[in-house]
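Inspection log for the structure reproduced underneath, given as structure tokens.
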Amino acid sequence: MTKNREVAQALEEISLLLQIEGKDKFKSLSYARAARSITGLGEDIENIRDRGELTNVPGIGKAIADKIESFLDTGEIKLLVELRERVPVKVWELEAIPDVGPKTISLLYRELGVTDLVSLEEALDAGKLEGLKGMGKKTISKIADGIKIARAGASRTLLAEAMPIANRLVERLSRISDVNQAVVAGSLRRRRETIGDIDILVDASKASKIMDAFVGMEDIADVLVKGPTKSSVRTKDGLRIDLRVLPTESYGAGLQYFTGNIDHNVKLRAIAKTKGLLLNEYGLFRNDEQVAGQGEEGIYDALGLDYIPPELREDMGEIEAAQEGKLPKLIKLEDIRGDLHTHTDQSDGKNTIDEMLDAAVEKDYEYYCVSDHTQSLTIANGMDEAHVLKRIEEIDELNASGRWKMKILKGAEVDILAHGELDLDDSVLDQLDIITLSIHSRMKDTKQVMTERVCHALESKYAHILGHPTGRLLLKRPEFEIDMEKVFETARHNNVVMELNAHPQRLDLNVGNLRAAKRWGLRIAINTDAHRTGELDYMQYGIFQARRGWVEKYDVINTLPPKELMKSLRK
DNA sequence: GCCGTTTTCGGCCCGACTGTTTTCAGTCG
């Protein structure tokens with residue numbers, strides 16, 4: 001996956017440099033489009049290249065595919081090298097300044113020789129920006145302020161951190177009189193793993209009053225934009241919030257437009273055009289007559305598309321599927337019948353088994369698997385064989401007691417050791433209901449070693465589920481190097497289920513891997529990995545991620561009734 | 001450079017806001 005980021009960055013840089021050169025606008029847009037597409041892939045671009053399917057990726061044609069291959073083979077793209085020579089500007093630094101784009105960068109470079117933040121600062125201090133075309137006092141001071149923001153770097157926020165903040169905002173806005181409804185839009189509504197800002201849409205006829213209330217809220221550090229229908233602020237903790245107000249008759253169109261993503265919207269508007277229609281945030285229009293717009297459904301319908309759930313709106317095939325009536329029936333939270341990966345205070349969890357079970361019953365689960373860590377994970381107080389056997393006895397007694405109206409399953413999260421051996425003796429593994437295998441050590445193994453190690457573990461007859469298969473921690477630790485296609489193939493042969501770990505910092509598998517797992521005919525287990533009672537709520541984030549990965553109810557084993565669940569795990 | 005319900009050429013989403021301008025260019029989403 002690190003390669004995906006590198007390729008996307010290279011293409012994005014080409015796009016920016018082409019824009020700075022100001023030659024062919026559409027060519028530069030193509031590179032940007034391709035870069036966004038790769039960013040949204042999830043799946044390893046190297047695997048796609050190996051299958052010879054690069055040009056199947058939306059926005060990638062022959063020319064860009066060749067450049068990607070060149071980058072993967074040599075680490076270079078000739079065009080990029082040449083562009084950097086012609087325009088030796090550190091685009092990433094300058095582009096990060098708010099309100100500074102290609103035209104401004106071009107002007108600053110051509111007129112003043114500015115190539116990075118340091119030389120820009122020097123030019124500012126020397127008063128050299130004054131007198132340049134379009135550079136008034138306000139623009140110059142904006143640039144000066146923007147340098148600090150560029151230095152701080154773009155920050156992203158976990159979905160699970162942003163969602164409560166956004167919900168509180170929506171609630172506050174809803175309470176303003178004249179507001180009919182307020183709702184979260186943007187990447188938050190698409191349930192992306194991390195978000196860059198919070199987008200909120202308000203349905204109201206009198207916008208100005210709402211704008212005043214919005215920018216006047218506590219915790220607002222800066223007002224970035226304020227107009228009659230649209231405002232942006234930055235909160236004291238650095239989060240950007242965009243607010244758009246639209247009247248009721250445009251609410252659906254506004255929601256559609258504001259949910260995005262850009263490529264999804266662009267394609268929809270192009271389809272509208274072919275039908276002699278105009279689509280914007282006010283509605284879908286034939287000449288001046290509004291054909292649809294109060295609800296989102298009406299817009300998709302009028303464009304000849306099935307309704308596309310927000311989580312799929314990334315132009316990754318969903319529009320074509322909607323045209324053909326082939327959209328997946330996405331899984332829902334209510335479909336889940338139990339949690340198969342949870343911890344207690346017997347290893348590194350914070351609550352007792354009784355407390356966890358009480359919390360699980362609250363969720364109306366039909367089964368619940370207790371799966372604490374095993375011995376080699378000493379830092380998590382992992383259990384040895386004797387401890388696991390004691391736990392097995394205990395759970396048998398709990399089940400016999402009938403105190404909880406659900407089946408308590410005996411499990412363990414068994415460490416995969418250095419060469420793919422399992423961290424418990426077979427005689428003990430044999431007595432467990434569900435065994436989840438996980439990597440917690442040697443995460444810097446080479447791709448080949450890691451792949452062999454995991455695949456060897458999956459070949460064990462005790463391998464039921466592969467836990468958090470790529471080991472990533474969002475915004476913190478990248479996925480470890482591993483050939484997921486090999487892993488999927490081995491899992492397929494050995495009837496091993498892939499976990500979608502629902503912890504908001506993991507969401508592991510990612511979207512591309514979920515779709516790839518589906519292609520392999522693999523089944524998924526959506527598990528919270530809860531270490532305390534409240535974390536059982538993480539299931540909703542797993543469902544969000546599953547939906548983004550086009551996962552349906554029948555793909556997921558913990559939607560099955562208890563008997564069928566156990567049957568499905570048999571070797 | 002990409003792409004196809006105008007299909008291998010000729011298009012390429014659409015509008016809000018800002019600052020600097022006297023009507024618009026640049027940026028952003």
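Within every chain, numbering begins at 1; the chains are lettered A, B, ... in the order of the sequence lines, protein sequences first and strands thereafter. The shown structure was predicted, so the numbers you read here are calculated from the model rather than taken from an experiment.
With B:dG15, B:dC28, B:dG29 as the choices, the nucleotide that has an atom nearest any side-chain atom of A:E281 turns out to be B:dG15.
Residue contacts shown for A:I262 include a base, since a base heavy atom lies under 4.0 Å away. Across all strands, A:N280 comes closer than 4.0 Å only to sugar-phosphate atoms, never to a base (heavy-atom distances). Here A:K142 lies in heavy-atom contact (under 4.0 Å) with sugar-phosphate atoms only. Looking at heavy-atom distances under 4.0 Å, A:R244 makes contact with sugar-phosphate atoms alone, never a base. Among the atoms of the strands shown, only primed sugar atoms or phosphate atoms (P, OP1, OP2) are found under 4.0 Å from some heavy atom of A:L279. A:K67 comes within 4.0 angstrom of the backbone, heavy atoms only, and of no base. Here A:L278 lies in heavy-atom contact (under 4.0 Å) with sugar-phosphate atoms only. Heavy atoms of A:K267 sit nowhere under 4.0 angstrom from any nucleic acid atom. Among the atoms of the strands shown, only primed sugar atoms or phosphate atoms (P, OP1, OP2) are found under 4.0 Å from some heavy atom of A:K62. At a threshold of 4.0 angstrom between heavy atoms, the contacts of A:K133 with the nucleic acid are absent. Within the nucleic acid shown, A:I60 comes within 4.0 Å of sugar-phosphate atoms alone, with no base atom in reach, counting heavy atoms only.
Taking the 5.5 Å centre cut-off and the 30° plane limit, the aromatic side chain of A:Y257 is not classed as stacked on B:dC14.
Look at A:Y282 and you won't find any side-chain N or O under 4.0 angstrom from OP1 or OP2 of B:dC13. Close to B:dC17, at under 4.0 Å from its OP1 or OP2, lies a side-chain N or O of A:T229. The shortest distance between the side-chain N/O atoms of A:R240 and the OP1/OP2 oxygens of B:dG29 is below 4.0 Å. Within the structure, a side-chain polar atom (N or O) of A:K273 is placed less than 4.0 Å from OP1 or OP2 of B:dC12. For the OP1/OP2 pair of B:dG1 and a distance below 4.0 Å, the side-chain nitrogens and oxygens of A:S28 include no atom meeting the criterion. Taking 4.0 angstrom as the limit, A:T104 places a side-chain polar atom (N or O) nearer than this to OP1 or OP2 of B:dT27.
Look at the C1' atom in both B:dC2 and B:dT8: the space between them is 12 Å, to the nearest Å. Look at the C1' atom in both B:dG1 and B:dT5: the space between them is 23 Å, to the nearest Å. Taking the P atoms as reference points, B:dT20 lies 26 Å from B:dG15, given to the whole Å. If you take atom C1' in B:dC9 and the same atom in B:dC14, they sit 24 Å apart, rounded to whole Å. Atom C1' of B:dG10 sits at a distance of 29 Å from the matching atom of B:dA16, rounded to the whole Å.
A:R190 and A:T259 are not linked by any side-chain donor-acceptor pair at a separation below 3.5 angstrom, with hydrogens and angles left out of the test.
Pairing for B:dG4 goes to B:dC9, judged as Watson-Crick or G-U wobble with the two contacts each under 3.5 Å.
Across A:L243, A:V179, A:V245, a single residue satisfies side-chain contact (heavy atoms from CB on, under 4.5 Å) together with A:L173, and that is A:L243. Among the candidates A:R33, A:R36, A:H264, the single residue satisfying the side-chain hydrogen bond (donor to acceptor under 3.5 Å, both in side chains) test with A:D315 is A:R33.
How far CE of A:M135 is from CD1 of A:I143: 4.0 Å, rounded to the nearest 0.5 Å.
Ion pairing of A:R49 with A:D73 is present here, as a side-chain N (NZ or NE/NH1/NH2) and a carboxylate O approach within less than 4.0 Å.
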